[in-house]
Amino acid sequence: MLQVQVIREQKDEMIAAFKKRNIDGSALLEEVLQLDEKRRATQTRLDSVLAESNSLSKEIGILYKSGKAQEASGLKEKTATLKEESKQLNDELTATADALQTLLYQIPNVPHNSVPAGSSETDNEEIFSEGEIPELINDALPHWELAKKYDIIDFELGVKIAGAGFPVYKGKGARLQRALIAYFLDKNTAAGYTEIQVPHLVNEISGYGTGQLPDKEGQMYHITADDLYLIPTAEVPVTNIFRDVILNENEFPVTYTGYTPCFRREAGSYGAHVRGLNRLHQFDKVEIVRVEHPSKSYQALDGMVDHVKEILRELKLPYRILRLCGGDLGFTAALTYDFEVFSTAQDRWLEISSVSNFETYQANRLKLRYKDENGKSQLAHTLNGSSLALPRVLAGILENYQTADGIQIPEVLIPYCDFDKID
RNA sequence: GGAGAAAUGGCAGAGUGGUCGAAUGCACUAGUCUUGAAAACUAGCGAGGGUCACACCUCCGGGGGUUCGAAUCCCUCUUUCUCCGCCA
């Protein structure tokens, strides 16, 4: 959520930046400023009515104490009008503040300077690529065929138990999945992230805190009986640890890593590109989350990118990094780098990580602040990234490491698997 | 799931209708003292809105109500604790 005060000061810059998202922000921001002005004016009027009524009440108290009940009841009549007035002003204030809040919830984050303009993923900017695209054997298979051939993932069984998009991993497939989780967590903790296990269901407030609500209401599974949401990413529970928190400056940086399953309804996204592991309703992901001082957050973002790079390098997977364009940028992000692994057998790139700086956008919703050197509260910056999303990494490994007589296990994973080949 | 108790500042803990945003202690910050540290002493020390700065306003788990006036009384929700039941 944007800060009204910043909108007041930088409206024109914001409008320019929103153009990169193909949004005309001028009317929206103007409305915010008008509502805010109305809010403050109403607040001021209400405050003065309350001040008067407060002082009358004090007087009445003193009068009663000194036995002048007659005079007191005279003053009481006065307070009745004030009460009526304050009630009205309060209703007005609440309505204005709600309208302002609703409006602010609808405004996405301001794209960072480096974000290219663009309308779709074709406008994303490739900034880096690495790794050899392997030459595959003649009858190379996509991962869903490999999964069947070696009996390591059973998609039909998942359909039977839950539905499409809920695969069942078996034998070496399950073990490889577990190996990847352990390997990612080990890499992250070695890089200084504290491992954490969090709830997989969150309440509504948490959904608002990180920005999944109200924007992506339909994306999450909602348990209506208890009004809880299945997490679409560990970002939600992990970042919400810091809701209503005021950090000391010396507590920066805060770094957490956590493994969770992720649940996404993916309503309406069916078609050729969602076969196999490409898009699931339930998948596993290891996430990294940072809370940073505003002056350090972009440095931290670069550090996260380097960290993910290192993992992919160790896995020896061919990948590229994209800087998302305004049109593809998530609602809450100021800058996002997507990592994509090349899926040889499908001949396409698969997104396996998304690393973002949200600046103060989430912090403002979360009320996540720190005390600066003057003892004033300032909003912190939040960041997060996948390291990594499991199914597509798995797809990439299966496809890129296939040979005529089985699937090789990447060297770094062999200690975690206790086998070096799926055959 | 049933019965009872509770929820106050970073923590502990007073406060049961009026100048209470809230005693006191601890912690913390600054200063005095000290060669230095500790101790002691002095001062400061919740958050938000508002203002050039004051003033002023709001917040004692959340929401609603009673009252001229609520941390204090009533209703409701949430959470925690104790006992019973159930259970991986």
Side-chain angles (χ1 to χ4, degrees), chain A residues 1-9 32-101 103-104 197-209 213 222-229 237 240-252 254 261 291 360 362-380:
Chain A
M1 194 164 66
L2 300 178
Q3 299 164 81
V4 176
Q5 200 178 336
V6 178
I7 297 176
R8 247 186 269 164
E9 288 160 7
V32 167
L33 292 183
Q34 276 175 18
L35 279 171
D36 179 57
E37 202 162 311
K38 190 179 174 198
R39 200 208 88 231
R40 280 180 298 148
T42 313
Q43 177 88 62
T44 306
R45 283 201 290 155
L46 175 62
D47 283 358
S48 65
V49 171
L50 287 176
E52 196 178 341
S53 139
N54 283 346
S55 75
L56 275 178
S57 290
K58 278 182 188 170
E59 267 184 64
I60 291 171
I62 293 164
L63 287 174
Y64 270 121
K65 260 188 186 161
S66 51
K68 299 174 183 163
Q70 189 72 19
E71 283 181 53
S73 59
L75 288 182
K76 273 195 196 176
E77 283 172 29
K78 264 193 180 173
T79 59
T81 17
L82 288 176
K83 204 178 175 185
E84 191 59 38
E85 209 175 326
S86 76
K87 200 170 231 169
Q88 215 170 3
L89 283 169
N90 195 42
D91 288 349
E92 201 178 320
L93 179 67
T94 308
T96 311
D98 284 354
L100 178 60
Q101 180 80 323
L103 191 60
L104 284 171
Q197 293 195 6
V198 290
H200 300 164
L201 276 74
V202 294
N203 56 29
E204 192 179 21
I205 301 168
S206 296
Y208 274 93
L213 295 174
H222 186 198
I223 317 269
T224 49
D226 298 290
D227 203 16
L228 292 169
Y229 293 86
N240 268 280
I241 291 170
F242 298 96
R243 176 153 40 80
D244 292 317
V245 165
I246 300 179
L247 296 163
N248 287 316
E249 240 176 330
N250 61 19
E251 291 177 81
F252 288 125
V254 174
V291 182
T360 58
Q362 291 182 327
N364 193 29
R365 291 193 177 189
L366 294 162
K367 295 194 177 65
L368 163 52
R369 294 158 292 178
Y370 68 94
K371 291 265 192 213
D372 68 14
E373 64 271 21
N374 302 315
K376 274 199 75 177
S377 298
Q378 308 282 357
L379 293 175

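Just so it is clear: chains get the letters A, B, ... in the order the sequence lines come, proteins before strands, and each one is counted from 1. For clarity, every value in this text was computed on a predicted model and none was experimentally measured.
Residues Val198(A) and Pro237(A) approach most closely at CG2-CG, 3.6 Å, considering heavy atoms.
Phosphate proximity of G69(B) to Asn54(A): absent, as no side-chain N or O sits under 4.0 Å from OP1 or OP2.
To the nearest angstrom, P of U79(B) lies 11 Å from CD1 of Ile205(A). Taking atom CG of Asn248(A) as the reference point, atom P of C45(B) lies 17 Å away to the nearest angstrom. Between the P atom of G49(B) and the CZ atom of Arg39(A) lies a distance of 8 Å, rounded to the nearest Å. At whole-Å resolution of the value, CG in Asp244(A) and C1' in G46(B) are 13 Å apart.
Residue-to-nucleotide proximity on RNA chain B shows that, of Lys76(A) and Thr44(A), the 5′-proximal contact is made by Thr44(A).
Residue Arg369(A) is classed as a sugar-phosphate contact, given heavy-atom separations below 4.0 Å to backbone atoms only. At the heavy-atom level, Ser53(A) lies nowhere under 4.0 Å from the strands shown. If you check every strand for non-hydrogen atoms under 4.0 Å, Ile62(A) touches a base. Leu50(A) comes within 4.0 angstrom of sugar-phosphate atoms only, judged by non-hydrogen atoms across all strands, and of no base.
Applying the 3.5 Å distance criterion, the base of G49(B) shares a donor-acceptor pair with the side chain of Asp47(A).
Residues from residues 77-87 of chain A lying near RNA chain B, meaning a heavy-atom separation below 4.0 Å, are Thr79(A), Lys83(A) in numerical order.
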